[in-house]
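Take a look at the structure below.
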Number of protein chains: 2
Amino acid sequence: MPTIRDVARESGFSASTVSIVLNRAPLARYIRKDTKTQIETVAKQLGYSPNLLARSLRNQRNHSIGVMVFDITDPFCTPILRGVETTLFNASFVPILADAHNDPSRFERALEMLLEQRVEGLIVVANWLCVNVNILSDIEKRNISTVIVGRDLAPSLSSVQVDNPLGGRLAIEHLYKLGHRKIAFIRGPKMLADSNQRWRGIRGFAATVGLKIDPRLVVELPNLLNPMHGFEAGYSKTMELLETGHPFTAISAFDDVTALGAIKALRSAGRRVPEQCSVIGFDDTTPAAVSAPSLTTVRQPMESMGANAAQMILDTGAAISQKMELAPSHRLLAPELIVRESTAPPVKFSGEH
Amino acid sequence: MPTIRDVARESGFSASTVSIVLNRAPLARYIRKDTKTQIETVAKQLGYSPNLLARSLRNQRNHSIGVMVFDITDPFCTPILRGVETTLFNASFVPILADAHNDPSRFERALEMLLEQRVEGLIVVANWLCVNVNILSDIEKRNISTVIVGRDLAPSLSSVQVDNPLGGRLAIEHLYKLGHRKIAFIRGPKMLADSNQRWRGIRGFAATVGLKIDPRLVVELPNLLNPMHGFEAGYSKTMELLETGHPFTAISAFDDVTALGAIKALRSAGRRVPEQCSVIGFDDTTPAAVSAPSLTTVRQPMESMGANAAQMILDTGAAISQKMELAPSHRLLAPELIVRESTAPPVKFSGEH
DNA sequence: TCCCGAAGTTCGATTTAAATG
DNA sequence: GCATTTAAATCGAACTTCGGG
């Protein structure tokens with residue numbers, strides 16, 4: 001690997017001059033055009049590319065951003081990563097990945113490693129867990145610019161998340177407009193702030209249109225450690241609903257995986273989806289589109305959330321380098337209703353016509 | 001952030017001594033015990049942690065591995081990433097992520113960025129594309145130790161992949177043992193080496209048991225650019241099969257997404273799965289477990305593939321530092337049959353009993 | 001003062017060669 | 001020669017300062 005000194009020797013100029021020319025530093029205005037071209041030619045000939053390690057050591061910037069994911073196997077995470085990577089890539093930044101495996105102690109060690117790498121910023125993708133974790137103190141005392149994706153944990157930490165109340169509203173509104181009145185709800189676990197936020201949206205809409213929510217048709221997921229467990233939980237919670245005997249024509253599930261569990265339960269109970277019961281999910285993760293029936297769901301703009309987070313980090317970096325103070329910002333992105341096959345108008349009860 | 005010189009000043013020793021003590025360098029044997037403890041105490045007090053950038057500049061190692069993924073949104077990739085990350089983490093290495101977006105030109109630029117970061121090794125997760133790309137020359141001339149996951153592209157590049165012929169065999173064997181004799185096949189696209197390898201396994205088994213494969217029941221996926229398009233392709237190819245009118249009782253699909261597309265087609269044609277037609281996939285990606293019916297499939301040990309790849313990279317790194325030459329190795333990992341709900345014994349034709 | 005270029009210092013840690021008692 | 005410690009060189013680039021025309 002050729003160094004700047006190789007270029008200097010080969011071109012007959014000093015390393016300083018080469019550096020100034022190749023970086024288009026301010027001083028480059030004073031350097032003659034032909035020496036510039038000469039140096040650039042030699043640099044290209046030699047295939048010189050500056051050693052980022054050396055450069056980083058000088059200006060304390062290594063063009064890398066730490067991306068901490070709570071569970072990379074969660075399909076919710078990957079589109080976010082795609083968004084993050086795309087934005088960083090366009091800015092010539094590189095993501096350093098860390099996976100907490102849904103484990104708080106692992107989170108801390110992983111954070112340690114990212115900070116040791118001297119990442120310039122931190123993006124935390126908080127999908128499920130990340131509640132017990134005392135991220136705040138851990139991160140805040142490190143004084144590194146951070147964006148949380150998927151949660152709003154503290155006013156001092158920037159965040160990007162979907163508008164959960166609106167999402168909840170979209171779900172129930174869709175079912176309502178299809179004609180459903182007896183709707184069952186599988187709420188998210190208590191420990192997730194999302195659960196309550198979506199529920200607020202649901203209740204708000206219900207109040208607006210005068211729909212009453214039967215508390216016997218409302219169940220709640222337990223506090224799970226693994227997002228994939230939502231499948232079994234959705235299954236068993238739906239079984240509970242069916243066993244109580246209270247009739248319902250639709251289920252609004254906390255997320256897609258839960259909804260798929262619900263569909264499985266309905267099938268095994270002999271109820272066809274959507275003919276005999278509609279099901280709506282939340283997130284629009286990969287399985288939603290390819291399941292049979294495909295899942296109607298409220299889409300979180302995950303890629304855009306990732307892109308936003310990355311851009312915010314880059315912006316704060318730029319602001320800091322200009323010695324400007326940038327207040328933490330909290331973005332709320334709009335969800336979108338995706339209508340597929342798992343919802344349909346309710347069938348009239350035989351006794352009703 | 002305290003530097004080594006701060007520790008030196010505070011403890012009353014020189015930076016050299018501090019470095020030697022803290023790194024447990026060979027010379028540390030000659031240093032008195034109490035100066036060691038003294039230095040270590042001061043270091044802990046100050047919360048000193050060495051600057052990796054400076055250290056990397058010295059020894060040309062930054063404890064980072066480039067991980068190039070061809071499409072991070074492909075559910076096939078994420079378990080591999082999990083395996084890679086876990087193994088690297090345990091070795092205190094860090095993965096730098098790059099996503100080619102299924103785009104060869106992007107691949108090159110991303111590779112560039114990884115190399116600029118001076119990663120110590122490269123893991124390429126080749127899921128779908130990566131055929132047109134001239135990876136070989138691009139990587140080989142960089143002279144960086146590389147492992148390909150999911151493909152075997154060249155003898156000179158190490159690789160980890162599933163035993164495709166065995167996987168193909170497991171799939172057809174399962175269907176055969178259930179009693180299926182009229183089996184349709186959706187082969188993978190020609191440009192993927194996997195397609196042929198799995199097909200070899202299938203034909204091998206068929207020959208062994210004297211099962212004849214009806215060429216009219218064999219269709220082939222087109223050369224797709226995006227793995228998710230396999231869903232639509234699986235759908236339409238199954239439709240074709242149905243339209244020809246040749247009877248079959250089972251479908252062996254190239255992968256899970258294709259299989260799910262096939263299930264959708266069968267449903268829309270009014271054939272229930274598995275009662276009226278069995279379907280088996282390949283990969284065992286996330287959607288397989290949560291679809292309805294859940295998908296019987298041949299599992300690729302993806303996490304293990306990732307872990308293997310990471311370990312191979314770490315090993316070559318260690319070998320190089322000891323000036324040993326390490327020949328590229330090619331690992332084949334065993335697939336595993338995962339039986340779920342989408343396969344069952346064939347029904348007897350009404351005219352047969 | 002403007003133009004052109006180079007020498008030398010700095011970033012923070014590692015390591016070799018050398019110095020001290 | 002031995003045990004113990006350190007000054008100085010090094011990694012590669014960036015930037016400040018300086019000198020001559």
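Basis for what follows: all heavy atoms, side chains included, without hydrogens, waters or symmetry-related copies. Lettering follows sequence order; numbering is per chain, from 1.
Listed by first and then second residue, the salt bridge (Lys or Arg N to Asp or Glu O under 4.0 Å) pairs that reach into residues 37-52 of chain A are Arg24(A)-Glu40(A), sequence neighbours excluded.
Thr17(A) and Ser14(A) are linked by a side-chain donor-acceptor pair at a separation below 3.5 angstrom, with hydrogens and angles left out of the test. Side-chain atoms of Asn62(B) and Arg118(B) form no donor-acceptor pair, as typed in the model, at a separation below 3.5 Å.
Of all the residues in residues 32-41 of chain B, Arg32(B), Thr35(B) reach under 4.0 Å from DNA chain D with at least one non-hydrogen atom. Non-hydrogen atoms lying under 4.0 Å from DNA chain D are contributed by Ser16(A), Ser19(A), Asn23(A), Leu27(A), all within residues 7-30 of chain A. Listed by residue number, the members of residues 52-64 of chain B with any heavy atom below 4.0 angstrom from DNA chain D are Leu57(B), Arg58(B), Gln60(B).
For the side-chain contact (heavy atoms from CB on, under 4.5 Å) test, residues two or more places apart in sequence or in another chain that qualify with Gln38(B) are Phe13(B). Residues passing the salt bridge (Lys or Arg N to Asp or Glu O under 4.0 Å) test with Arg109(A): none are found, sequence neighbours excluded. When the salt bridge (Lys or Arg N to Asp or Glu O under 4.0 Å) test is applied to Glu120(A), the partners found at least two apart in sequence or on another chain are Arg61(A). Partners of Arg55(A) under the salt bridge (Lys or Arg N to Asp or Glu O under 4.0 Å) rule, at least two apart in sequence or in another chain, do not exist in this structure. With sequence neighbours excluded, no residue forms a side-chain hydrogen bond (donor to acceptor under 3.5 Å, both in side chains) with Thr87(A). Ser158(A) pairs by the side-chain contact (heavy atoms from CB on, under 4.5 Å) definition with Val147(A), Met312(A), Pro328(A), Ser329(A), not counting sequence neighbours. With sequence neighbours excluded, the residues forming a side-chain contact (heavy atoms from CB on, under 4.5 Å) with Ala91(A) are Phe93(A), Leu314(A), listed by chain and number.
In this structure, Asp99(A) does not pair ionically with Arg106(A), as no charged nitrogen and carboxylate oxygen lie closer than 4.0 Å.
Of all nucleotides in DNA chain D, those with any atom nearer than 4.0 Å to a heavy atom of chain B start and finish, going 5' to 3', at dT4(D) to dG12(D).
Rounding to whole angstrom units, CD1 of residue Ile31(B) and C1' of dT20(C) are separated by 15 Å.
Judged by distance alone, with hydrogens and angles left aside, the side-chain atoms of His101(A) form no donor-acceptor pair with the main-chain N or O of Asp71(A) at under 3.5 Å.
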